[in-house]
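As structure tokens, the structure follows; a few thoughts come after it.
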Amino acid sequence: MTSRISHPPAANWQRDSDGLILELSGDWKRDGPTVNITSAATKIAPTRYQVEKLGSYDSTLPAFILSLIRSATGYASAKDKPVPSLNGLPESLQGLLTLALSVPVEIAEQTALQHAPGILKLGNFTLQVWKSIHSLLDFTGQTIYALGRLFTGKAQFRTTDLWMVIQQCGVQALPIVSLISFLIGLILAFVGNVQLSNFGANLFVADLVGIAMVREMGVVMTAIIMSGRTGAAFAAFIGSMKVNEEIDALRTFGFSPFDFLVLPRLLALVLMMPILTIYANVVGILGGMLVGACVGIPPILYWTETLAAVDLTNSSLGVMKSVFFGAAIAICSCMEGLNAGTSSAAVGLATTRAVVASITMVIVLDSAFAAIFTLLNI
Amino acid sequence: MSYGPLVVMHDLNFEIQDKEIFVIMGGSGCGKSTLLRHLIGLQEPTKGSIHYGERNFTTSDPSERKSFSKRFGVMYQSGALWSSLTLGENISMPLEESAKISAKTVKELVSYKLSLVGLSGYEDYYPAQISGGMKKRAGIARAMALDPDILFLDEPGAGLDPLNSRRLDDLILRLRDSQGSTIIIVTHELASIFTIANQALFLDTATRTQGAVGNPNELRDHSANPTVRLFLNRGELPPRSHE
């Protein structure tokens, strides 16, 4: 059995009375050696090809010839120019190249911005930020309007959807909220105990954990969990509906996507966030109590100290904030879902943006609340 | 072929010759795409086997099957382009994975494959930026990236305008002639079937088995199965020719 010897591919320019001739030889294979081009490169397409010494070839050969023709002066964008000479090439190759050359090259415009000067990029970034703020305000306004429709009995949405979302962001979130809150209570107690025991005041660990949980940590951690878990799910769900044109179908039938998709999610989160926050506060305090028991604070004493430190004002601040956080998470995630593009990648991007926007909004709101409470001396 | 307890098709028995264009046709939901998934190894037949030449593809071990399937090029119904990559990257990724190829050659090959499907200059576009028909054509360009021995096309003409549909038929014929590829197409576009197919397999939805195999022109005029003649005559049943 004999195996055929492979010859390196070569393109040799020649000139005769007919004009430029390109002699092609060797085996043109994708995984073969690089093409050896002899004589100076030209900006003119050959008038004829010589293929007597041409061996086997795959798409590498027509791809090389196409590139050669396209790089010939002015050919790339010529709509009305005749197909250049393909004389001498095997008939099958001529057919494929004629097909490839029959449509002019599209000049991609979207790459222009990639090479834009810095000031233009800064301008575009500023416009994008402004557009995002405008979009958020617009969406919030539309949500308030939808709420108005709800309270006047004009909103159209299915109550079953509301119960489904309540289940999804309420009961089903309990395990992760329990774990994180318990661990946060545990960490606060550990850190507090290390410092306070220096002064023999480790009983005040109960005060530290209690106040920190009910004022800040309980609500903020619950909001962050809900942003990552429920907010992402909202954005992905609505984004997928956008990709499948389900939202267009809702609009076509005269249903408001706000009523159908945003309202149930907004209501569910606004209703569930305070409950989850209260639950997280209790679990966090229990976490602290466990550490207290380990360092010699009896649970009864710990509980009494907690009740003495945590008053109704402190407890209600966190719960009150949770309503706003719930609304912010619902608005950010639904907005990103509705603004998603129409590809599968766009759903992923929308989900990421929803989580980032929700967490950012929670932190911004929390800072605002902190400033307000300080001013009001609460 | 089945999905759990639901048998989609049974008693399929056909041969595809090397370097021919073979069309799998039939009504909507008859299992054309499912059959294609079986042929490329994405699904296992419940009974029976698929042979490529002497090789039993169904019983081959996974590594052997994986290496053999590198000879396949597949265009899925929706194009199935990787949305996070540009069209150029969609084509260059398999090329770069297959062998050590210079960047210049990869660029030339990408440009050539896109030109063949009428998408010259769209290298830097993302799938989300082009229309459904263009996605389909880009999917074909990607399927052709490695000059496959067997090219599988799932409904390539659906959603294309008449000019691009014609262009696609032309491309398929030229690919067979120039590269000697065997091309297996799932379609129910009659114009394309009569223009390009050497052989066609008709899947019968009612009986859940193959209705007929043969040259589409002959099936249209002489098939013993009236459903096949009805299908190929666009719902009109002319008397059967006995020539």
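The chains referred to below are lettered A, B, ... by the order of the sequence lines, with proteins before strands, and numbering in each begins at 1. Computed from a prediction, not measured in an experiment: that's the story for all the values here.
- Closest of all the heavy-atom pairs between B/Thr105 and A/Thr60 is CG2-CG2, 3.6 Å.
- More than 12 heavy atoms of other residues, nucleotides or ligands lie within 6.0 Å of CD in B/Glu20, so this atom counts as buried by the packing criterion.
- Of all the listed residues (B/Gly118, B/Ala99, B/Ser102), the one sharing the greatest number of non-hydrogen pairs under 4.5 Å with chain A is B/Gly118.
- The residue among A/Val35, A/Thr34, A/Asp58 with the most heavy atom pairs within less than 4.5 Å of chain B is A/Asp58.
- Residue-environment remark: CZ (B/Arg166) stays at or below the threshold of 12 foreign heavy atoms within 6.0 Å.
- Between B/Leu171 and A/Leu96, the closest heavy-atom pair is CD1-CD2, 4.2 Å.
- A donor-acceptor distance shorter than 3.5 angstrom exists from the side chain of B/Asp147 to the backbone of A/Ser59, with no hydrogens or angles considered.
- Surrounding CG of A/Leu127 are more than 12 heavy atoms belonging to other residues, nucleotides or ligands, all under 6.0 Å away.
- Contact count versus chain B (heavy atoms, under 4.5 Å) is highest, among A/Ser92, A/Gly348, A/Gly341, for A/Ser92.
- Of the possible polar contacts, none joining the A/Arg30 side chain to the B/Ile101 backbone as a donor-acceptor pair under 3.5 Å is found.
- In this structure, no portion of B/Lys107 lies under 4.5 Å from any heavy atom of chain A.
- No side-chain donor-acceptor contact under 3.5 Å links B/Arg174 to the backbone of A/Leu97.
- Proximity to chain A (any heavy atom under 4.5 Å) is restricted, for B/Leu95, to the side chain, taken from C-beta onward.
- With chain B as the partner, the residue from A/Ala345, A/Ser67, A/Pro62 showing the most heavy-atom pairs under 4.5 Å is A/Pro62.
- With a 4.5 Å cut-off on side-chain heavy atoms, A/Leu66 and B/Ser111 count as touching.
- At a threshold of 4.5 Å between non-hydrogen side-chain atoms, the residues A/Arg70 and B/Ser115 count as touching.
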